[in-house]
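First comes the structure, then the notes that go with it.
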Amino acid sequence: MLDIKITKTETPKAKPEHVTGFGKIFTDHMFVMNYETGKGWFDPRIVPYQNLSLSPASMVFHYGQEMFEGLKAYKGDDGKAYLFRPDMNAKRTNKTNERLVIPEIPEEDFVQAIRELVAVDQDWIPTDPGTSLYIRPFIIATDDFLGVAPSDTYLFIIILSPSGAYYASGLDPVGIWIEDEYVRAVRGGMGFAKTGGNYAASLIAQVKAHDADYAQVLWLDGVERKYIEEVGSMNIFFVIDDVVVTPMLNGSILPGITRDSTLFLCKQWGLKTEERKVSVDELIAAQKEGRLKEVFGTGTAAVISPVGKLRYEDEVFTIGDGGIGPITQKLYDTITGIQTGKLPDEYGWRVEV
Ligand SMILES: *Cc1c(COP(=O)(O)O)cnc(C)c1O
């Protein structure tokens, strides 16, 4: 149990009346905790949101030793603030930390820090339909040292950003670019870890896809460029005939919490699910035979994102009628219903702040 010291701001900011967009406005407070080898994590505190002062030699700037997480708080109709499965983010943090040689954080401390910070800033949780408070925990290596080695000092910080409805009116199918030149991650690399380096590697293909008017990139495996891995910041699902299929976790795919929740719900509903290798050839054959019924991405930001169009090499495929499939819609309604308290929490996923 952390003993978190709270210093409140004396100059609270004006809160936006209606929140739109993502990641540009921040609340009044942030959580900060230090780490030093030999001393462990110390000085947990909630302080006014402020800039950091770091040496230009801080290791994070040079070799990218850092990690991040992403989850959301929702304001229920009952006026209470809820988190969705934050224990899963805590577990994933330590898997990422292990890969990046960042010290472990006790799971209960991670969740406690989020809960206390969200409680302090809970008036910042927007209440318009589809809006939420995005929570961004992250850890950076802070030794002033240009040698390549794990740092001996770190900062664990949590910031909060009110975020607008991802969909202005109902689910909106996106176009996806299947990338056959660049790769995001390889087995043995950092693909399963939530770390900035994976995103740095992805930008060039994202620009290419955006220039061609596609919303996101679908990555293929780094070895054969044949098997489907995941979308930019989402995991990917296919409904082929009546089976819900998603690529199996292989070390280069990020194990999404929305992915896990989706597989769980589909099983609960008696749908057949498969976690296995899915080749792009299989997918295109299924599409051409009319067996590819639905495609959707899963991730904290959009929750469920229907895919209306896929492009591979020079071919463009419209999925179904380009609209939203029934499984896609049901998953979206169910997960967002549980998150916001509109539906009962049968699986113990919702955590009151
Ligand atoms: C965070 C992330 C996801 C989705 O994970 P959720 O826990 O569902 O938000 C998928 N892919 C990548 C690369 C990610 O960084």
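The figures that follow rest on heavy atoms only: side chains count, while hydrogens, waters and symmetry mates do not. Atoms within each ligand, like the ligands themselves, are counted from 1 in listed order.
Judged by the shortest distance from any of its heavy atoms, Met88 lies outside the 4.0 Å radius around the atoms of ligand 1. Ligand 1 has no atom lying under 4.0 Å from any heavy atom of Ala301. Using a 4.0 Å heavy-atom cutoff, Arg184 is listed among the residues neighbouring ligand 1. Residue contacts with ligand 1: Ser233 is included, with a non-hydrogen atom under 4.0 Å away.
For ligand 1, the atoms closer than 4.0 angstrom to any heavy atom of Asn235 are 10 (C). Remark: ligand 1 atoms within the under-4.0 Å shell around heavy atoms of Ile257 are 6 (P), 7 (O), 8 (O). With ligand atoms numbered from 1 in the order given, ligand 1 contributes 13 (C) to contacts under 4.0 Å with heavy atoms of Gly232. Atoms of ligand 1 found under 4.0 Å from any heavy atom of Tyr199 (numbered from 1 in listed order, with element): 12 (C), 13 (C), 14 (C), 15 (O).
Inter-residue side-chain proximity for Phe110 and Phe156 is flagged as met; some heavy-atom pair is nearer than 4.5 Å.
A donor atom on one side chain and an acceptor atom on the other are not found under 3.5 Å apart for Asp281 and Ser279. Looking only at atom types and distance, the side chain of Trp41 has no donor-acceptor partner in the side chain of Asn34 under 3.5 Å away. With hydrogens and angles left out, the side-chain atoms of Thr153 and Glu36 include no donor and acceptor closer than 3.5 Å. Residues Glu352 and Tyr82 have side chains that never bring a donor and an acceptor to within less than 3.5 angstrom of each other. In this model, no donor atom of one side chain and acceptor atom of the other lie less than 3.5 Å apart for Glu104 and Asn97.
Annotation: atom 8 (O) of ligand 1 to nearest protein heavy atom, Thr258 OG1, 2.6 Å. Residue, atom and distance of the protein heavy atom nearest to atom 11 (N) of ligand 1 are Glu230 OE1, 2.5 Å. If you check which protein heavy atom lies closest to atom 5 (O) of ligand 1, you get Gly256 CA, 3.3 Å. Of the protein's heavy atoms, Lys194 NZ, 3.0 Å lies nearest to atom 14 (C) of ligand 1. For atom 9 (O) of ligand 1, the nearest protein heavy atom (residue, atom name, distance) is Thr300 OG1, 2.6 Å.
Each of Lys288, Arg276, Arg291 was scored for a salt bridge (charged side-chain N to carboxylate O under 4.0 Å, His left out) with Glu282, with one residue passing: Arg276.
Using a cutoff of 4.0 Å between basic side-chain nitrogens and carboxylate oxygens, Arg184 and Glu230 are scored as salt-bridged.
Annotation for Glu17: atom CD does not count as buried by contact number, only 12 or fewer foreign heavy atoms lying within 6.0 Å. Residue-environment remark: NZ (Lys13) exceeds the threshold of 12 foreign heavy atoms within 6.0 Å.
The option with the heavy atom closest to atom 7 (O) of ligand 1, from among Arg92, Arg259, Glu229, is Arg92.
Counting heavy atoms under 4.0 Å from ligand 1, residue Leu254 touches it through the side chain alone.
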